[in-house]
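Notes follow the structure.
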Protein chains: 2
Amino acid sequence: MPIAKFEEIRSLPLFSGTRDESFRALVRGAYVQNFPPHTELAVEGEPADFLHIIVSGSIELFSQWQGRETSMSFLGANDTFILAATIKDRPYLMSARTLEKSRVILIPSEDIREVFENDAEFAKAIVIELATCYRQAIKSAKNIKLRASPERVANYLLKLRCKNGGADCFALPFEKRRIAEFLGMTPENLSRSFAMLKSKGVSVNGQEVHVEDIDTLTEFAHPNPLIDS
Amino acid sequence: MPIAKFEEIRSLPLFSGTRDESFRALVRGAYVQNFPPHTELAVEGEPADFLHIIVSGSIELFSQWQGRETSMSFLGANDTFILAATIKDRPYLMSARTLEKSRVILIPSEDIREVFENDAEFAKAIVIELATCYRQAIKSAKNIKLRASPERVANYLLKLRCKNGGADCFALPFEKRRIAEFLGMTPENLSRSFAMLKSKGVSVNGQEVHVEDIDTLTEFAHPNPLIDS
DNA sequence: CGGAACGTTGAGTTCGGTCAATGCATGTGG
DNA sequence: CCACATGCATTGACCGAACTCAACGTTCCG
């Protein structure tokens, strides 16, 4: 496998400190793949044979139980999944599907574990990535357990606004039904939350969001860095 | 600080592969402390100056927002907290309090980060510990998002039964109010769930639980290794 | 021009939370 | 030893939040 194909990930935080020799060992058995939208890349319960790194596109992690389904997180370019399963050599806890056309690099889990043993810088990068994922999971749990659904929606909009550089007008990044699942509510309820947030100076038309009164919205949402980062 | 004081943790998975030299560096600035019940050891939002390792006793991790509070997890002997904050040098996301008299070892976060850089075996142990915590957090989120409250209670009882060697009679390990918070419900609702589970062959008297019909309970709970491990 | 998927809205129901009263166990001080 | 206070657990009544189901409008595609 020519290393040139992987130049696009060489500079990612996960590999930036990695020795050239280690990097070559990582990409030796790796391959790049393009997936169409709505393709399942991983199914929960299956063994974690590859670490996945997203080059472009977007991917949803979700879980199912007894016919119910919930979104766990949305990933984009440069994100990885599912590192913990790779490290522990255990089955996936979540399934993954593409939301749009996506380009993904797959690295055999064994290679990850091997390089991890021999390259301290790579090990450090892995740990930081894992710690970040863990803290994100804790924040998500706090969001679900401590907030009512309109509060979760309000804080989600504030986060989106922030990601868009603080503009008062921006687009929802995914279908509303996906956002609803992610926020732990039904699509119907998300609609009602949007309707209710009109009184807080928010208007939603299709994918487009207008925040007309940031102060009122913020006062209602009570955003907190220990939940919303 | 005499190394003898720390012999009790030398054999923990986190340190079992660590070189003697590294271990000495870790315990040099460390200290052991005994805390009475209901003592706060950490407050969310504060900087993570120490990694905590529980020698004995039990500790609750919890979070607050807008006057509301929720239990995030219960820890016991040999568990650590809060590793991710130590690694990333960021504030705690959760507060910690003792539930009973507890003995805890505190290691300065800087020492952890330093030894991590120089001892590959220790780094590996850290990563495994972190990956375990992360997967536990994911399981917990799935439990909350995918299950109704009586289902969470039923599965919690099955897990307790398992921890007690499969005996059909065992004691709840904490106050019911704490268990309720942990399971994402009110104490009143936990009572009602217990009442409802009578029809599934469960009787709860005070701290004592009797599982009289494991098959019926299991059929209702639908336990899943990807949630309940 | 259908047909399909999504989003919204309304009506009805269920689940879970709030509040208040009671019971029970524990602990304290007289 | 008793009287009393305190805190937890339970129960019932009530309320509100969120889910279900159904209907309808819209958009997007074939």
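Letters A, B, ... are given to chains in the order of the sequence lines, protein chains preceding strands, and every chain is numbered from 1.
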Q. Does A/Phe74 have any ring pair (Phe, Tyr, Trp, His ring centres under 6.0 Å) partners at least two apart in sequence or in another chain, and if so, which?
A. A/Phe174, A/Phe182

Q. Which residues pass the side-chain contact (heavy atoms from CB on, under 4.5 Å) test with A/Pro187, sequence neighbours left out?
A. A/Arg177, A/Ala180

Q | Donor-acceptor contact below 3.5 Å, side chain B/Lys101 vs main chain B/Ser56 | A | no

Q | B/Thr98 (side chain) donor-acceptor with B/Ile59 (main chain) under 3.5 angstrom | A | no

Q.
Between B/Arg68 (side chain only) and A/Leu146 (backbone N and O only), is there a donor and an acceptor less than 3.5 Å apart?
A. yes

Q: Could you check which residues of residues 189-199 of chain B get a heavy atom under 4.0 Å from DNA chain D? Sort them by number, please.
A: B/Ser191, B/Arg192

Q. Taking A/Ser193 for the side chain and A/Asn189 for the main chain, is one N or O donor matched with an acceptor at less than 3.5 Å?
A. yes

(Q) Among residues 149-157 of chain A, which ones have heavy-atom contacts with DNA chain C below 4.0 Å? (A) none

(Q) Can you confirm whether A/Glu208 is buried at CD, in the sense that more than 12 heavy atoms of other residues, nucleotides or ligands lie under 6.0 Å from that atom? (A) no

Q.
Other residues, nucleotides and ligands only: do more than 12 of their heavy atoms fall within 6.0 Å of NZ on B/Lys163?
A. no

Q: Between B/Ala148 and A/Gly206, name the one whose nearest nucleotide on DNA chain C is closer to the 5' end.
A: A/Gly206

Q) Charged N to carboxylate O under 4.0 angstrom, B/Arg161 versus B/Asp168? A) yes

Q. Can you pull the contact range of chain B along DNA chain D, 5' to 3', using atoms under 4.0 angstrom from its heavy atoms?
A. D/dC8 to D/dA13

Q. Looking at residues at least two apart in the chain, or sitting in another chain, which of them share a side-chain contact (heavy atoms from CB on, under 4.5 Å) with B/Glu44?
A. A/Lys142, A/Leu226, B/Ser63, B/Gln64, B/Ser95

Q. Can you tell me if A/Thr216 uses its side chain to pair, donor with acceptor, with the backbone of A/Lys200 under 3.5 Å?
A. no

Q: Would you please name every residue forming a salt bridge (Lys or Arg N to Asp or Glu O under 4.0 Å) with A/Glu69, sequence neighbours left out?
A: A/Arg97

Q: Tell me what A/Glu175 touches on the nucleic acid: a base, only sugar-phosphate, or nothing, going by heavy atoms under 4.0 Å.
A: sugar-phosphate

Q: Evaluate whether atom CZ of A/Arg90 has more than 12 neighbouring non-hydrogen atoms of other residues, nucleotides or ligands under 6.0 angstrom away.
A: no

Side chains of residues 75-84 of chain B: which donor-acceptor partners sit under 3.5 Å, not counting sequence neighbours?
{"from": "B/Asp79", "atom 1": "OD2", "to": "B/Gly76", "atom 2": "N", "distance (Å)": "2.8"}
{"from": "B/Thr80", "atom 1": "OG1", "to": "B/Glu129", "atom 2": "OE2", "distance (Å)": "2.8"}

Q) 5' to 3' on DNA chain C, which nucleotides open and close the contacts with chain A (atom under 4.0 Å from a heavy atom)? A) C/dC6 to C/dA11

Q: Identify, with sequence neighbours excluded, every residue that meets side-chain contact (heavy atoms from CB on, under 4.5 Å) alongside A/Pro223.
A: A/Asn155, A/Leu158, A/Thr218, A/Ala221, A/Asp228

Q. Please, what dot-bracket string fits DNA chain D when only Watson-Crick and G-U pairs with both distances under 3.5 Å count, crossing ones use [ ] and pairs to another strand use |?
A. ||||||||||||||||||||||||||||||

Q) Is there a donor-acceptor pair closer than 3.5 Å between any side-chain N or O of B/Arg152 and the backbone N or O of B/Gly184? A) yes

Q. With distance as the sole test, does A/Ser102 use its side chain to make a donor-acceptor pair with the main-chain N or O of A/Phe35 at under 3.5 Å?
A. no

Q. Which residues, if any, of residues 60-72 of chain A bring a heavy atom under 4.0 Å of DNA chain C?
A. none

